[in-house]
Each structure stands twice: as C-alpha cells, then as structure tokens.
Amino acid sequence: VQVRILGSAAGGGVPQWNCACRICRGCRDGSLPVRPRSQASAAVSADGRHWFLLHASPDVREQIERCPALHPVSGRRSPIAGVLLGNGDLDACLGLLSLRESQPLTVYTSAAIASGFVEGNRFARTLARFDGQLRWRTLELGAPTVLTVDGEPSGLTVTAFAVPGKQPLHLVGTQPPSDGDTLALCIEEPARGRTLVWAPSVRGPSSTLSELLQRCDCALFDGTFWRDDELGRIAAGAPLARAMGHWPLGGPDGSLQLLAAMPARRILVHVNNTNPVLVEDSAEHALMRALGVELAHDGLEVQI
Ligand SMILES: [Zn+2]
C-alpha cells in the first residue's frame, strides 16, 4: 500500500485562523519548531496510478495540488477514484463539496455517515447533478469491500470497524447515534498481505481496536490531544478531549501506552494545534519518540 499524508492536523489546522495559543503563535512567527499542517487526510493506492482519499478535508484542493501523484495526466480525469469516510465531521467530509466538477466518484462509508451528509443537505445536490456523479457504497461493519476503479478491482479492500467515538456536533438530535458513526478503516492489499489502519478519531480503548492494531502493519492514529483538559486551558468552558470523541495521548491511561505496546509502525495524525507533541523540542515529543511512535507531517510518504 502506498500512502501519502495530505494533511496531519485536526480541524482548524496548524496554525488555526482564530487562535493565538503558544503553539499557533510559535508556528506563525517561527519561534517554535512547529510545522504548519493542513487538516487530516491521506491518499492510498496499490498501483500508484489510482488513488483513494481517506477523508475529504476542507483543505482538499490545496492538498491535491501539493501531491503530484494526484494530478490529472490528461483531459479532465483525476487519478482519484474514490473517497473513504470514517466519520461525518466537517473536517472529514466538507471537501466532498470541492470535488464537484463533474467527475464520477465513489464514496465508501457507513449508512449512518452517508445519511448524515445527504439528508437535509441542499449543498449535497451539487454532487448529484447527473446519474452516477457520486456513488455511495455502504460499508457493512466487519465485512471487506473491494475498492474499484471503473468497476475493476483496484488491488485494495476496505473493512470498517466501529470504534468508540461520537456523532458530529451538527447531527446531534437529528438522527439517533449509531455504531456506524465513528469507524476505524482497515485498508488491505491482499496480494501483498499488507494492512493499514486509519483511525483519526477514537474516544477510548476497545477490544476491536486493540486487535486491529495488533495485526496491522501500520496505523495512522488519533493524535488530537495530549491532555483531557487541553482545550479548556486556552478557551474557558471548552469541553474535555474525551467529550469531543478523542482519547488523549498522555498520562497512565493515555493512548500512547497502547500504541507503545504494538508491533506495527504507529503514526499520529489529526493533531490539534494545542497539542505540545507538535513542538519538536518538547518533552512530550521526546516521550512519543522514545515509545517508538511517529508524528505525521503533510507530505509524508509511507510504503507498507
Ligand atoms: Zn492554537
């Protein structure tokens, strides 16, 4: 599996437009070793010619331009064959509306995430201007689905697993919460027996998650927050990390402890601009490295 990290930050990016926290300021003025980052997304391919996006972030247009593998080679035909959605947050799916220039695309996701995007959304009609512009393929939890290019197998399959998470804010009260709201996406290349896990939103531990992380070759994992009360320290009254659907990395019950114990390559994505792990000379960054965990940056290429 070839992987391109298109964006590695949580919603808002690094720096975030309305934020003057220490890290956003240090990133803007260069006083801290913090790289700018766009909102989380990656592209995966078996053959290097046809690609699938893991999430379509609000930064998708710029992310495509920065990644030569995703540039069209002739006419109006992008090498992007489809989009996989692991949750319905705006950071994960708003970019779909920017991919509307009459190219057929297949979107693979759960029924809950698909209805959360389509139901009552007038903007979604811009992706249904002709038959087959956007094809929704429903992922059944735990069952592999072949990713296709023009109806032919692409060499990759995807399996969705429910993980602890939460509904997107804009859907609360509009449809019942479901197991399909927050997914870990397991992308496999059966011909080579290789497996990638994409799990940028995970609220806490689960046996399904541990099992997935034990058997994969590489995990792109939720690195949103270091501490549970991180956001409240800069914005009074802000919710805790877990209430926002993210398992903090630090502390004795933090996700780094689980990641440290797994054999695969582990790379943090969806990192919020408040997270001290972004500061490359911080104690938190050093601890992450000491536990064998990596921090994704925009443009990182991974071969699995
Ligand atoms: Zn900030």
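Bear in mind the structure is a predicted one, so any value in this text is a computation, not a measurement. Below, all heavy atoms of this structure are taken into account, side chains as well, without hydrogens, waters or symmetry copies. In this chain, residues are counted from 1 in sequence order. Atoms within a ligand are numbered from 1 in the order they appear, just like the ligands themselves.
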Minimum side-chain heavy-atom gap Leu84-His55 below 4.5 Å: no
Aromatic plane relationship, Tyr108 with Phe52 - under 30° parallel, 30 to 60° tilted, over 60° perpendicular: perpendicular
Less than 2.8 Å away from the Zn ion (ligand 1), how many protein N/O/S atoms can be counted, ignoring water? 4
Would you mind reporting whether Asp181 and Lys166 have side-chain heavy atoms less than 4.5 Å apart? no
For residues 234-253, run the donor-acceptor check on the side chains, cut-off 3.5 Å, and write out each pair with its distance to 0.1 Å, sequence neighbours left out.
residue : atom : partner : partner atom : Å
Arg242  : NH1  : Asp228  : OD2          : 3.3
His246  : ND1  : Asp222  : OD1          : 3.4
His246  : ND1  : Asp222  : OD2          : 2.7
His246  : ND1  : Thr224  : OG1          : 3.0
Trp247  : NE1  : Asp253  : O            : 2.9

Assess, by modelled atom type and distance only, whether the side chains of Ser57 and Gln63 contain a donor and an acceptor separated by less than 3.5 Å. yes
Taking NZ, NE, NH1 and NH2 as the nitrogens, is one of them in Arg66 or Asp298 under 4.0 Å from a carboxylate oxygen of the other? yes
